[in-house]
Every structure is written in structure tokens, then in C-alpha cells.
Amino acid sequence: MRVLINFCFFRMDSVATALEEVLSSALPQGCITVGVYEAAKSLNVDPDNVVLCLLATDDEEDVALQIHFTLIQAFCCENDINILRVSNMRRLAEILGGVKPGGEPMDLHCVLVTNPQSSPWKDPALSKLNRFCRDCRCLDQWVPVINLPDR
């Protein structure tokens, strides 16, 4: 088991890069849902369309947010949706633009990546993230944490 754990940590940089690639390609396709409330609505309407759920926070002390995360995690696990915890919300905001069209900051605590309207994703970066999540689940790490490095 120690070998698998070391293997899992060894790939963290490439997994963070894959996550950035997925987000960067999903954004112009309109395949990103941001915000805890918006994500909950999307999960309720069409969970089969969600390919990845990101839960992000730099503040582990927000009890209300942790309760929301617990509920979203349970729903995603029940519906076979891969989940990642993301640290470094500032970097996540840089990747996703950080503001809504009206200039209001986005709620990046929960980000969903969905399938494009035309066809399911066939992205090598998404495949890498899916393998990483599957490998981590084999180690009983159901919600692995990814640190997005500063650029």
C-alpha cells in the first residue's frame, strides 16, 4: 500500500496541470458551473451530465461551507461523480476569470465541469483526472486534495 500512496503523491504536479487544462478547455465551451447554489441546482437537474466536481476553499473554519461540501460530496459519491478538493482559490480564480459578466466576484467554492452540448468529453487531461480519482478511491481517499501551484 505504501507504494501506491507514494505513486499517488508523485503525480500531483501532473494532476494539477491536467486540472488546469480541463478548466481552460471547458470554460470557452460553456461547460463550467460555479457557485454552491448553482452547482446544487445543476446536480439536481442533470447529474449524468456532470463529469467533475471541484470543492475549493482556503478557509477550513467556515462551518456552513463545510456542511454544504458534505452534502455535495454525498450526492456526487452516490451519482459516481469524481470530486476533487482544490486549494489555492486565487489560482482557481485566475484560471476561470474570477468575475461574472457584471463585475461581481464568482463563488468558486464549488465548480462543476459538465459535458459539452454536442458530445461527451474525449479529453486526455480529463481522463488523467478520472484515473487519479479512481486510484485515490482505491486508497480510501474519496476526495483527494489538489494544490494549484501559483504561476
Side-chain angles (χ1 to χ4, degrees), residues 1-27 29 31-44 46-100 105-115 120-151:
M1 186 154 159
R2 180 178 293 280
V3 172
L4 287 175
I5 291 172
N6 289 337
F7 178 68
C8 203
F9 288 120
F10 177 74
R11 319 187 281 174
M12 283 299 187
D13 287 342
S14 66
V15 172
T17 302
L19 178 57
E20 288 188 34
E21 289 173 17
V22 166
L23 293 173
S24 295
S25 63
L27 190 59
Q29 296 183 62
C31 297
I32 299 283
T33 301
V34 297
V36 173
Y37 179 71
E38 292 82 0
K41 286 193 310 187
S42 182
L43 286 167
N44 186 49
D46 192 8
D48 294 334
N49 198 39
V50 177
V51 295
L52 182 65
C53 176
L54 305 176
L55 300 175
T57 184
D58 289 333
D59 177 18
E60 298 293 326
E61 300 299 318
D62 187 340
V63 175
L65 186 58
Q66 296 307 317
I67 291 169
H68 288 294
F69 281 2
T70 301
L71 294 171
I72 291 170
Q73 287 173 18
F75 188 89
C76 288
C77 286
E78 189 172 301
N79 288 277
D80 296 321
I81 298 168
N82 288 323
I83 314 164
L84 292 172
R85 279 297 278 256
V86 177
S87 61
N88 196 346
M89 286 187 65
R90 187 177 54 75
R91 179 66 187 133
L92 185 60
E94 288 173 5
I95 296 167
L96 296 177
V99 292
K100 293 180 182 176
M106 287 192 278
D107 170 14
L108 297 174
H109 290 108
C110 186
V111 177
L112 299 181
V113 178
T114 57
N115 278 313
W121 276 53
K122 303 282 190 240
D123 185 332
L126 181 61
S127 296
K128 179 180 265 189
L129 290 175
N130 289 337
R131 278 192 310 274
F132 174 75
C133 289
R134 184 188 63 232
D135 291 350
C136 288
R137 279 193 302 272
C138 289
L139 300 171
D140 285 334
Q141 186 180 4
W142 290 89
V143 184
V145 177
I146 300 296
N147 182 31
L148 290 173
D150 289 320
R151 299 278 175 197

Is the closest side-chain heavy-atom distance between [X] and [Y] below 4.5 Å?
| X | Y | value |
| --- | --- | --- |
| C133 | L84 | yes |
| L52 | L19 | yes |
| V113 | I32 | yes |
| L27 | I95 | no |

Test of understanding: with side-chain hydrogen bond (donor to acceptor under 3.5 Å, both in side chains), list the residues that count as partners of [X], not counting sequence neighbours.
| X | value |
| --- | --- |
| D48 | none |
| S127 | none |
| D46 | none |
| H68 | none |

**Message:** Can you give me the closest heavy-atom contact between A18 and K128, atom names plus distance?
**Reply:**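 Smallest heavy-atom distance, with atoms named: CB-CD, 3.7 Å.
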Hey, can you pull the donor-acceptor pairs under 3.5 Å for the side chains in residues 71-82, sequence neighbours left out?
unit_1 : atom_1 : unit_2 : atom_2 : d
N79    : ND2    : F75    : O      : 2.8
N82    : OD1    : R137   : NH1    : 2.6
N82    : OD1    : R137   : NH2    : 3.4
N82    : ND2    : N130   : OD1    : 2.7

**E38 bridged to K41 by N-O distance under 4.0 Å** =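 Looking at K41 together with E38, the answer is no, because their closest N to O distance does not fall below 4.0 Å.
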**Asked** Do D123 side-chain atoms and V22 backbone N/O form a donor-acceptor pair below 3.5 Å?
**Response**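 Judged by distance alone, no pair lies under 3.5 Å.
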**Request:** Keeping the roles fixed (side chain from T70, backbone from Q66), state whether a donor-acceptor pair exists under 3.5 Å.
**Result:**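 Yes, T70 side chain to Q66 backbone: donor-acceptor pair under 3.5 Å.
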Measure the [atom1]-[atom2] distance between [X] and [Y] for me, rounded to the nearest 0.5 Å.
| X | Y | atom1 | atom2 | answer |
| --- | --- | --- | --- | --- |
| T33 | L54 | OG1 | CG | 11.0 Å |
| L126 | S25 | CG | OG | 8.5 Å |
| C53 | I83 | SG | CD1 | 6.0 Å |
| R91 | L23 | CZ | CG | 9.5 Å |
| R134 | L139 | CZ | CG | 11.5 Å |
| D107 | Y37 | CG | OH | 13.0 Å |

**Request:** List in chain and number order the residues that pass side chain to side chain contact (heavy atoms under 4.5 Å, CB included) with A56, two or more places apart in sequence or in another chain; answer none if no residue qualifies.
**Result:**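 Residues passing side chain to side chain contact (heavy atoms under 4.5 Å, CB included) with A56: V86, M89, L92.
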